[in-house]
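Heavy atoms only: backbone and side chains are in, while hydrogens, waters and symmetry mates are out.
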Amino acid sequence: MIISKNADVASLVVTSIEDKPVSGSLVLKPLIRADQMTLLELHYQPGTSAPIHVHAHESLVYVVKGRVKTTVGNEVYVLGVGDVGCHPQGVPHTVEAIEESIVIEIKSPAPDLAQFLGTHEKS
């Protein structure tokens, strides 16, 4: 796929990451996947948090709207609009929404989302 139209991508409710439950409402739109990376749009409701988890890929996160707290290893950071963070491969990390937030995430190498995310289509 060379082009992806946001309106054509189904929203998925994320229920777990690496078999650990998500707290709150996290909605994912897998916008596009290439050979080496994938681009995701994540919608967090206030207080929603991903469990601490580790991946076999690295992730870059860019805050489009709102504010999130991310823990990477033993460090805690607060990111606002326009801020970018890195979740290195193999390092425990988490994200928690301080307020309603939209985050763009790039993962590389492109993982099979079904391997580590529990999801269902948003109704």
Original post:
Would you say Thr119's side chain and Val13's backbone share a donor-acceptor pair under 3.5 angstrom?
Top reply: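 Looks like no, no N/O pair under 3.5 Å.
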Original post:
Between Val76 and Lys69, is a side chain to side chain contact (heavy atoms under 4.5 Å, CB included) present by the stated rule, with each step listed?
Top reply: CA-CA 7 Å; Val76 178; Lys69 178 173 71 172; 3.6 Å; yes
**OP:** Please name all residues satisfying side chain to side chain contact (heavy atoms under 4.5 Å, CB included) with Pro88, sequence neighbours left out, ordered by chain then number.
**Re:**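 Listed in chain order: Val72, Cys86, Val91.
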Original post:
Got a sec, which residues hit side chain to side chain contact (heavy atoms under 4.5 Å, CB included) with Asn6, two or more places apart in sequence or on another chain?
Top reply: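 Result, side chain to side chain contact (heavy atoms under 4.5 Å, CB included) vs Asn6: Lys29, Leu31, Glu41.
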Are [X] and [Y] close enough that some pair of their side-chain heavy atoms sits under 4.5 Å apart?
X: Val84; Y: Val61; value: no
X: Ile98; Y: Val78; value: yes
X: Thr15; Y: Pro21; value: no
X: Val22; Y: Pro51; value: yes
X: Val81; Y: Val64; value: no
X: Val103; Y: Val68; value: yes

Which value, rounded to the nearest 0.5 Å, describes the distance between [X] atom [atom1] and [Y] atom [atom2]?
X: Ser101; Y: Arg67; atom1: OG; atom2: CZ; result: 8.5 Å
X: Thr48; Y: Leu42; atom1: OG1; atom2: CG; result: 11.0 Å
X: Leu12; Y: Leu40; atom1: CG; atom2: CG; result: 10.0 Å
X: Tyr44; Y: Glu96; atom1: OH; atom2: CD; result: 10.5 Å
X: Leu39; Y: Arg33; atom1: CG; atom2: CZ; result: 12.5 Å
X: Ile106; Y: Met37; atom1: CD1; atom2: CE; result: 7.0 Å

**OP:** Apply side chain to side chain donor-acceptor pair (under 3.5 Å) to Thr38 and Lys107, showing your working.
**Re:** CA-CA 5 Å; Thr38 192; Lys107 294 182 174 292; over 6 Å; no
Subject >> Test item: side-chain donor near acceptor, Ser59 and Glu105, under 3.5 Å >> reply: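 A pair is found: one side chain offers a donor N or O, the other an acceptor, under 3.5 Å apart.
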Original post:
Any side-chain donor-acceptor pair under 3.5 Å between His87 and His55?
Top reply: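 No.
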Give the minimum heavy-atom separation between [X] and [Y], together with the two atoms involved.
X: Gly66; Y: Val63; value: O-CG1, 3.5 Å
X: Ala50; Y: Ile17; value: CB-CD1, 3.6 Å
X: Ile52; Y: Pro92; value: CG2-CB, 3.9 Å
X: Ala110; Y: Ala34; value: CB-O, 3.8 Å

Original post:
Between Glu100 and Lys65, does at least one N-O distance fall below 4.0 Å, as a salt bridge requires?
Top reply: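 Judged by the 4.0 Å cut-off on N to carboxylate O distance, Glu100 and Lys65 do form a salt bridge.
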Original post:
Can you tell me if CG on Asp8 sees more than 12 non-hydrogen neighbours from other groups inside 6.0 Å?
Top reply: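 Yes, CG of Asp8 has more than 12 neighbouring heavy atoms, counting only those of other groups under 6.0 Å.
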Subject >> Asp112 CG: over 12 foreign heavy atoms closer than 6.0 Å >> reply: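 Yes, the 6.0 Å shell around CG holds more than 12 heavy atoms from other groups.
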Original post:
Should the pair Phe116 and His57 be assigned to parallel (<30°), tilted (30 to 60°) or perpendicular (>60°) ring geometry?
Top reply: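 Rings of Phe116 and His57: tilted, 30 to 60°.
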**OP:** With side chain to side chain contact (heavy atoms under 4.5 Å, CB included) as the test, would you mind laying out the steps for Leu28 and Leu117 before giving the verdict?
**Re:** CA-CA 10 Å; Leu28 164 75; Leu117 291 180; 3.6 Å; yes
